[in-house]
Amino acid sequence: MRTFLNKVLIFVFLIFIILSSLGYYLDYRFSKDYTNKFNWMLSIENRSYDFAFTGSSRVFNMMDINTIEKRTSKKGINLGVGGGEYRLNYLTLFEFLKRNTIKTLFIQVDPFAIYSDSIYNTPNHDPNYIRFINDSTVFNVLNTRTSKIKLYLWYYLPIIKYIEFNRIYNFTHFLRSFQAGSIYDSSKGTSLVFKHTNNLPDIKKVSNQNIELQSEEVYYLSKLIDLAVSKNITTVLFTSPIFNYDKNFRPKYPDFDDFIKNLIRKKPVTYYDFHDFFTNSDFAYFYNLLHLNAEGTILFTQEFVKSVTI
Amino acid sequence: MIFNSIDFAIFLPVVFFLYWFVVNNKLKYQNLLILISSYFFYGWWDWRFLSLIVFSSFVDYIVSLKLSNEDNENKRKLLLYVSVLVNIGFLGFFKYFNFFAESFAQSFSFLGMSFDAITLNIILPVGISFYTFQTLSYTIDVYKKEIKPTNDMIAFFAFVSFFPQLVAGPIERAKNLLPQFYRKREFDLNEAVDGMRQILWGFFKKIVIADSIAIYVNEIFSNHNDYSGIIILAGAFLFAFQIYGDFSGYSDIAIGTARLFGFKLMQNFAFPYFSRDIAEFWRRWHISLSTWFRDYVYIPLGGSKGSIWNKIRNIFIIFIVSGFWHGANWTFIAWGFLNALYFIPLMLFKLNRKNLNLAAEGKLFPSVSEFLQISLTFLLTSFAWIFFRADTISDAFLMVKQIFSSSFYSNTIQDLISISKGNMTVVHLSFVLLLIIVEWLQRDKKHALESFHSNLLVRWSVYIVLTIIILFSGEYHNPQEFIYFQF
């Protein structure tokens, strides 16, 4: 029995040593994967931007920075992320502003991120911020979702997060970390979607369930605005196009308009509503009810530049 | 509780410690610990269903004791029927009630009448197909006077509920497993170490092979209308590896775990995809179930004796019942039927016992004819897996139609691109290739890591690499259940 236990202990010890070393190496390696939008954003330093956009995939895919730069000769960046939430947008902006400056910040707002039946399926992007948890602000934000013990485990035994999130930190991303540069360098953080659809069926049934505001997301939207304002950044809210919003979504979120009115009354922000920029027959510019394809994005961005002072 | 979970990773060392350091001096306490931990293991999933397994064990314990004291043949038969009724009754109710109710209602629709079948919201107790068969085999063996009944209640209850094999087999025979509960187990270093190797390989097959391939299989089978015949066929091949990795992986973990506690369970898979014909395949696949059906259904029906029609009838019965055991769906019956069709020609031409030795025995590579036989057998079994995996019988037939249609090759490249996960697909397929190579080289052993290399450094390097691959392949937020849990 002693021999068996010795063998088991030696094996476990060897695994621990190898995995611990591997964890630190992977921390370094994956931080170089600039196909990961978070890594790319967090690697930028000593830059001054005239404007920046932040929000979910309804910014990431739907606001073309190159179009704006051509029309305004101003420098900008797209800080939106797919499956994003205001909590992470806040964290990203917080870290970004430590090393860079922005003059005007555009925040996309819509009911989908702030109501309890959010149709987003947000993967866990928190591990991208583990290397900053020495900053109490970052730690406190991450702590809202992950226990302290786990956060410290992720920090001191980095291999744990790579094992736990192996679907995100996979072999493909490992290989990509060896590539120089990033697609976001040329697109300034935008990711255009080259998809089309033949039709966009309306949502069949509007749910009768009681849909409430998600207090955490409202809180971080407020913090996002406050952070920008505290850095003397002109802050503008807007809503990107939604296909047939009045039929598909307004009955579901009847209080959203009031929510926006209250927000712009309390905060020093302006608001632009583009939800019905496209008509109900313009499905060719969408690839689903909530997202524009590349053609739709370019068209929308051009109109945005005409309507909004950048 | 499932094997690939943190709960089990904590449960096993705790039970191991208690077993070998606290209760090892007394046999009764060892058995009692096995019993308590097995009930804990099972109850972790849903404690309410413990009552079923306890009741089933109690009935068979009492029935068997009474059988040993009864000489009147009619009364003995009656006692046996009580056991069969209770066990098959539970199985029938929990597993097949809705199937029969719906099928009954559907059969009336053919006559132009319709009514709503009364179906119940019944949860299928995990492992019921396995432990009912295990305890039933005990009663039948006592009835046939092949074994003496036990009056050690704790040993018997522990035998029925033994946690390594409780929920997905191997389905143990009382004559093999029960006597092991009468002897105090002594720790055997070689058994424990080899048990750990077997557990490691089991996790590799389950987590690295089965769970990785599941992504592609689920996509193809759920959206088969969008794919060409060749992709559907590829999906069938992949499912063949998924179900093998999942089920044989579980069996290896079960057998390896049992060895840690000094128990020897039967081998459940003997590298079945290296079979040269269907008969050999069924001697190597889910051995505990196929031998159970052979001994308790096929042979009592007359087996391979009697007229040709009796033999054919018996083969159909055995395979269809085996299919039906897997689930309450016509797809499983179709799968069983197809396997019967494969088997019958071999039996009729007396070729079903042709390949009793190992493929390419003593050689590194198979001959050309052996390779072709292995490939054909794999193709036939994979084709049958389409029925096993499809959600409905009509889906299965549609998929078969797509395979044999003129658009077999159409859009293959686009389909491959849409299914592929880039480099990850290359990695997953490489692991499948690794599985084939390793298991081929070790096909004469009980499991793939048994005595595979004499050099300590090489062995430990392989164990470490396998462990790291397993850890990095696991799904920790929504772990995939073992396929056979649904049976």
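These numbers come from a predicted model, not from an experiment. Labels below follow one simple rule: chain letters A, B, ... track the order of the sequence lines, proteins then strands, and each chain is numbered from 1.
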### Query
Aromatic ring centroids of F472(B) and F174(A) under 6.0 Å?
no

### Task
Return each pair, listed once, that meets side chain to side chain donor-acceptor pair (under 3.5 Å) where at least one residue sits in residues 189-201 of chain B; pairs must be two or more places apart or across chains.
E191(B)-R259(B), D194(B)-R197(B), D194(B)-R259(B), D194(B)-H447(B), R197(B)-Y463(B), Q198(B)-D252(B), Q198(B)-R259(B), W201(B)-E439(B)

### Query
To the nearest 0.5 Å, how far apart are CD1 in I15(A) and OG1 in T467(B)?
4.5 Å

### Query
CD1 of I464(B) to CD1 of I17(A): how many Å apart, nearest 0.5 Å?
11.0 Å

### Side chain, backbone, both or neither of F16(B) within contact of chain A (heavy atoms, under 4.5 Å)
side chain

### Summary
side-chain contact (heavy atoms from CB on, under 4.5 Å) with I163(A): of I470(B), L471(B), I468(B), only one passes, and it is L471(B)

### Summary
OG1 of T3(A) to CZ of F187(B), rounded to nearest 0.5 Å, is 8.5 Å

### Query
From K7(A) NZ over to W460(B) CH2, what is the distance, rounded to the nearest 0.5 angstrom?
7.0 Å

### Message
If I take atom CG from residue D188(B) and atom CZ from residue F4(A), how far apart are they, to the nearest 0.5 angstrom?
### Response
11.0 Å

### Summary
So, the part of V193(B) with a heavy atom under 4.5 Å from chain A: the answer is both

#### Entry: Portion of I10(A) that has a non-hydrogen atom of chain B nearer than 4.5 angstrom
both

### Summary
Here the gap from M424(B) atom CE to R167(A) atom CZ, rounded to the nearest 0.5 Å, amounts to 7.5 Å

